[in-house]
Amino acid sequence: MENLVNLIDLTTEELTEYVVSLGFKQFRAAQIRRWLLRGTVDFADMTDIGIADRGLLNANCRTGLPRIAEKHISALDGTVKYLFELWDGNVIESVVMRYRHGISICISRQVGCRMGCVFCASTIGGLTRNLSSGEMLGQIICAQADIGERISSVVLMGIGEPLDNYDNVVRFLHEVTSPDSLDIGSRHISLSTSGLADRIIRLSQEDLQITLSISLHCADDAGRSELMPVNRRWNIEELLTSCRKYFEITGRRISFEYTLISGKNDSMDDAGKLADCLMRYLRGIPFHVNLIPVNPVEGKAFAAGERDSIERFRDALEKRRINATIRRRLGSDINASCGQLRKKHIESVIPPDIRQELSEN
Ligand code: SAH
């Protein structure tokens with residue numbers, strides 16, 4: 001079972017080579033590819049392929065597409081959250097959001113996460129495994145098939161640290177933008193990272209026009225290290241220097257995420273430090289700050305401040321001529337923020353004593 005090939009992981013050329021190696025005629029690859037891109041999970045449903053050939057496929061490979069385990073639709077704004085089950089039983093989340101300019105999807109990159117950010121539900125329980133590029137693509141394909149509409153933009157902001165699964169993420173980015181795959185424009189793709197500075201520099205050299213989004217969340221090293229352990233490996237100076245290089249090489253505006261947590265990083269002093277540090281390292285290059293009121297996570301004592309304190313934080317940045325917006329919360333009635341649905345699902349299927357053991361290991 002383990003070593004079956006996932007067809008959704010293959011490029012058009014690789015798929016052609018593969019089906020020929022199974023003894024099929026070359027044109028079968030295009031047929032199979034069409035079914036895959038339409039979200040057909042089972043070979044049994046590929047009706048223009050003969051029964052014997054479908055049997056041969058079943059014995060040698062799988063589509064590798066996920067199945068919808070749960071689906072929640074927000075009554076407030078139409079946001080759809082999927083819990084997808086992968087071929088090995090692991091579950092991940094994706095969120096489809098409707099905007100005036102089109103439909104956007106937020107996808108996962110790993111099963112779990114090992115970055116340990118203290119406010120984030122995705123990292124509770126650590127990293128189980130990386131997703132393959134096809135498993136990232138599969139989330140978009142299956143959501144698109146389910147809603148029956150084209151998805152026009154992708155944010156890599158779901159579960160997992162994308163730059164901790166670097167090769168698969170880069171392969172995914174080349175695939176998803178390819179005209180014979182989903183053909184989504186790279187300018188409509190953004191990747192959010194907790195700040196692996198060396199990989200940011202590597203990413204700048206991949207010739208991709210994607211938007212880089214940095215989870216900054218605190219502008220002094222001691223405070224950031226407390227919230228985000230990754231800061232102990234790459235501090236703010238290294239991170240922001242790598243952002244400057246990313247801009248110099250790609251010419252793409254950088255976006256910063258700043259999750260506001262009451263009493264931790266949301267004072268006027270914090271706003272001043274944020275403005276100082278962005279001006280110190282990024283003066284003269286275009287960037288934008290997204291302010292996100294923290295989403296409460298069960299078992300963690302973090303709360304968002306009042307609306308007017310969040311607005312004061314934004315105003316303080318704007319006074320220093322820093323573009324800042326307060327992120328609108330979509331799907332707040334359906335656990336739409338990162339990692340929460342998977343956490344709930346795991347809690348409902350794994351007994352508490354075993355969960356305890358897993359989180360200790
Ligand atoms: N590993 C990537 C993607 C994480 S999810 C990264 O760190 O950027 C996308 C964003 O949501 C990140 O900025 C993350 O820090 C933020 N986030 C995580 N948990 C949150 C919570 N409970 N409330 C608000 N934002 C949160």
Side-chain angles (χ1 to χ4, degrees), residues 68-77 79-86 89-97 106-129 131 139 155-161 164 192 194 215 217-218 223-230 257-266 290-307 309-310 326-361:
I68 300 173
E70 283 180 35
K71 175 180 170 183
H72 302 262
I73 304 174
S74 165
L76 301 175
D77 50 44
T79 297
V80 187
K81 177 136 193 174
Y82 294 97
L83 186 75
F84 281 122
E85 183 174 342
L86 304 172
N90 275 306
V91 291
I92 49 164
E93 295 171 27
S94 318
V95 185
V96 171
M97 293 154 291
C106 173
I107 62 162
S108 296
R109 292 64 47 95
Q110 292 179 313
V111 180
C113 180
R114 58 176 181 162
M115 305 316 290
C117 301
V118 295
F119 46 81
C120 181
S122 303
T123 196
I124 299 170
L127 175 69
T128 303
R129 71 169 174 87
L131 296 185
Q139 299 168 58
V155 292
L156 286 88
M157 272 196 194
I159 299 173
E161 167 51 53
D164 188 37
S192 174
S194 57
S215 298
H217 303 328
C218 188
R224 190 166 188 269
S225 295
E226 211 179 284
L227 292 175
M228 307 178 69
V230 64
E257 312 288 308
Y258 195 100
T259 292
L260 288 157
I261 307 171
S262 179
K264 285 268 176 206
N265 62 1
D266 68 340
N290 280 310
L291 299 171
I292 314 162
V294 71
N295 269 303
V297 172
E298 215 181 282
K300 304 215 172 211
F302 291 125
E306 298 299 323
R307 182 77 198 178
S309 87
I310 297 173
I326 300 171
R327 169 84 52 85
R328 200 158 58 99
R329 277 181 70 189
L330 291 176
S332 53
D333 54 334
I334 54 165
N335 271 318
S337 83
C338 190
Q340 303 202 14
L341 197 60
R342 173 170 175 266
K343 179 170 170 279
K344 254 192 160 165
H345 178 88
I346 293 172
E347 284 165 358
S348 69
V349 294
I350 305 179
D353 48 333
I354 298 186
R355 258 175 14 230
Q356 179 70 25
E357 243 171 69
L358 285 175
S359 68
E360 279 164 10
N361 289 330

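Excluded from the calculations below are hydrogen atoms, water molecules and symmetry mates; all remaining heavy atoms, backbone and side chain alike, are included.
- When every heavy atom of Gln139 is checked against every heavy atom of Leu131, the shortest pair comes out as NE2-CD1, 3.5 Å.
- Side-chain N or O atoms of Asp266 include none that pairs as donor or acceptor with a backbone N or O of Ile310 at under 3.5 Å.
- We find the CG-OG1 distance between Asn265 and Thr259 to be 8.0 Å, quoted to the nearest 0.5 Å.
- Side-chain atoms of Gln110 do not come within 3.5 Å of backbone N or O of Leu127 as any donor-acceptor pair.
- Distance OG/Ser122 to CZ/Arg114: 15.0 Å, rounded to 0.5 Å.
- The OG atom of Ser74 sits 12.0 Å away from the CE atom of Met97 when rounded to the nearest 0.5 Å.
- Qualifying ring pair (Phe, Tyr, Trp, His ring centres under 6.0 Å) partners for Phe119, counting only residues two or more places apart in sequence or in other chains: His217.
- Atom CZ of Arg129 is surrounded by more than 12 heavy atoms from other residues, nucleotides or ligands within 6.0 Å.
- Val80 places a side-chain heavy atom less than 4.5 Å from the side chain of Lys71.
- A donor-acceptor pair is defined here as one N or O able to donate and one able to accept, closer than 3.5 Å; such a pair exists between the side chain of Arg109 and the backbone of Gly160.
- The shortest non-hydrogen separation linking Arg327 to Pro293 is O-CD, 4.1 Å.
- At a threshold of 4.5 Å between non-hydrogen side-chain atoms, the residues Ile124 and Lys300 count as touching.
- The shortest heavy-atom contact between Thr123 and Cys117 is CG2-O, 3.4 Å.
- Of all non-hydrogen atoms in Met157 and Cys106, the two that sit nearest each other are C-SG, 3.4 Å.
- In this structure, Pro229 and Gly116 approach most closely via the heavy-atom pair CD-O, 3.4 Å.
- Salt bridge present: Lys81 and Glu93 bring a charged side-chain N and a carboxylate O closer than 4.0 Å.
- Between the side chain of Ser108 and the main chain of Ile159, a donor-acceptor pair closer than 3.5 Å is present.
- In this structure, the side chains of Ile292 and Tyr258 stay at 4.5 Å or more apart for every pair of heavy atoms.
- Closest heavy-atom contact between Ser215 and Met228: O-CE, 3.5 Å.
- To the nearest 0.5 Å, the span separating CG on Leu83 from NE2 on His72 amounts to 7.0 Å.
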